[in-house]
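First listed ligand is number 1; within each ligand, the first listed atom is number 1. Values reported hereafter were calculated over all heavy atoms of this structure, with side chains retained and with hydrogens, waters and symmetry mates removed.
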Amino acid sequence: MALFTIDEVRKTFTNGEVKEEILKGINLSLREGEITALVGASGSGKSTLLTIAAGLQPASDGQVIFEGENMAAMGSEQVRKIRASKFGFVFQFAHLVPFLTVEEQLMLMLDVSESKLKKHEQKKEVDKILRLVGMGHRKNAYPSSLSGGEKQRVAIARAIIHKPKVLFADEPTASLDSKRSKDVMSLIRDLTKTLNITTLMVTHDEEMLGFADHIIKMSDGQVLQGVGIIVEN
Ligand SMILES: Nc1ncnc2c1ncn2[C@@H]1O[C@H](COP(=O)(O)OP(=O)(O)O)[C@@H](O)[C@H]1O
Ligand SMILES: [Mg+2]
């Protein structure tokens with residue numbers, strides 16, 4: 001069953017007098033426990049689509065249905081709550097807080113997501129997730145002492161510490177070399193499968209597509225049909 005359905009989503013930006021339609025009626029479904037990769041030329045609308053699906057900006061038209069409810073019709077506070085408790089985010093750069101240790105970054109995330117766990121339970125959870133991403137030995141380290149690949153592992157741990165249903169990743173490997181990119185992608189794939197997360201990932205890198213269950217190709221604000229599988233309403 002589709003956990004997430006995007007139905008005829010459109011996005012229009014107005015630059016001065018000029019109206020530009022950046023998304024031209026997108027339909028797609030994401031299924032539980034699967035990775036969907038969004039590919040296409042720069043400027044084709046991938047990030048715009050991801051941010052609309054994630055409730056970071058509203059669509060101009062269409063529906064974004066998550067767990068049976070249309071997020072496009074919700075108020076911003078309701079969308080914020082879903083984002084904080086049910087979604088996780090990974091971007092090209094890890095964006096770690098420089099003056100917090102690895103452990104503290106994750107504890108902060110639990111606070112933001114309004115975790116009901118007690119402090120000592122939170123610490124246990126942080127330990128568990130750090131071990132899962134292979135960073136258990138670096139929990140007292142500051143970001144400046146981590147490599148690019150290690151930072152991205154921490155960013156991934158931070159994105160999943162509150163057990164989100166959906167992981168949104170926009171070019172998560174774009175700042176890494178080929179070996180580290182593959183490591184990070186196999187980590188995302190393992191987590192998607194073992195924690196039954198639904199992942200939507202934008203990527204430029206053809207090498208990463210082997211990690212995806214579905215590939216959706218976008219061109220000029222539209223989904224190209226006949227590439228990979230998808231659209232299952
Ligand atoms: N806030 C905005 N205002 C105006 N134009 C925007 C805005 N956000 C994105 N765009 C335009 O939408 C198009 C698609 O952008 P984006 O979704 O970032 O593409 P991609 O991620 O595929 O490179 C680009 O032409 C971009 O300039
Ligand atoms: Mg982009």
For this session: Go through the steps for E114 and R80 under the test salt bridge (charged side-chain N to carboxylate O under 4.0 Å, His left out), then give the verdict.
Result: CA-CA 12 Å; E114 293 163 18; R80 188 199 65 77; 3.7 Å; yes
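- The shortest separation from a heavy atom of A41 to ligand 1 is under 4.0 Å, placing the residue in contact.
- Ion pairing between a basic and an acidic side chain is recognised when a charged N comes within 4.0 Å of a carboxylate O; D61 and K11 show no such pairing.
- When distances from atom 27 (O) of ligand 1 to the protein are checked, no heavy atom turns up under 4.0 Å.
- For atom 18 (O) of ligand 1, the nearest non-hydrogen atom of the protein is S47 CB, 3.7 Å.
- Considering L191, D213, I35 in turn, I35 is the only one that fulfils the side-chain contact (heavy atoms from CB on, under 4.5 Å) rule with T199.
- If you number the atoms of ligand 1 from 1 as listed, the ones under 4.0 Å from a heavy atom of T48 come out as 9 (C), 15 (O), 16 (P), 17 (O).
- No chain of hydrophobic side-chain contacts below 4.5 Å, direct or via other Ile, Leu, Val, Met, Phe, Trp or Tyr residues, connects L50 to V184.
- Contact annotation: T48 places no N, O or S atom under 2.8 Å from the Mg ion (ligand 2).
- Y142 and F99 have their aromatic ring centers separated by at least 6.0 angstrom.
- For the side-chain contact (heavy atoms from CB on, under 4.5 Å) test with V154, the passing option among I129, T101, L146, V133 is L146; the others fail.
- Checked by distance only, ligand 1 and N15 stay at 3.5 Å or farther apart across all their nitrogen or oxygen atoms.
- Protein heavy atom in closest approach to atom 5 (N) of ligand 1: F13 CD1, 3.4 Å.
- Around NZ of K24, the count of heavy atoms belonging to other residues, nucleotides or ligands within 6.0 Å exceeds 12.
- Considering both main-chain and side-chain atoms, G43 comes within under 3.5 Å of ligand 1 through a nitrogen or oxygen pair.
- Between F89 and F91, the ring planes are parallel. Angles under 30° get that label, and only those over 60° would be called perpendicular.
- Between atom 13 (C) of ligand 1 and the options T12, I22, L49, the minimum heavy-atom separation is to I22.
- For ligand 1, the polar-atom distance check against G45 finds a nitrogen or oxygen pair separated by under 3.5 Å.
- Short contacts between ligand 1 and S42, defined as distances under 4.0 Å to a heavy atom of the residue, involve ligand atoms 23 (O).
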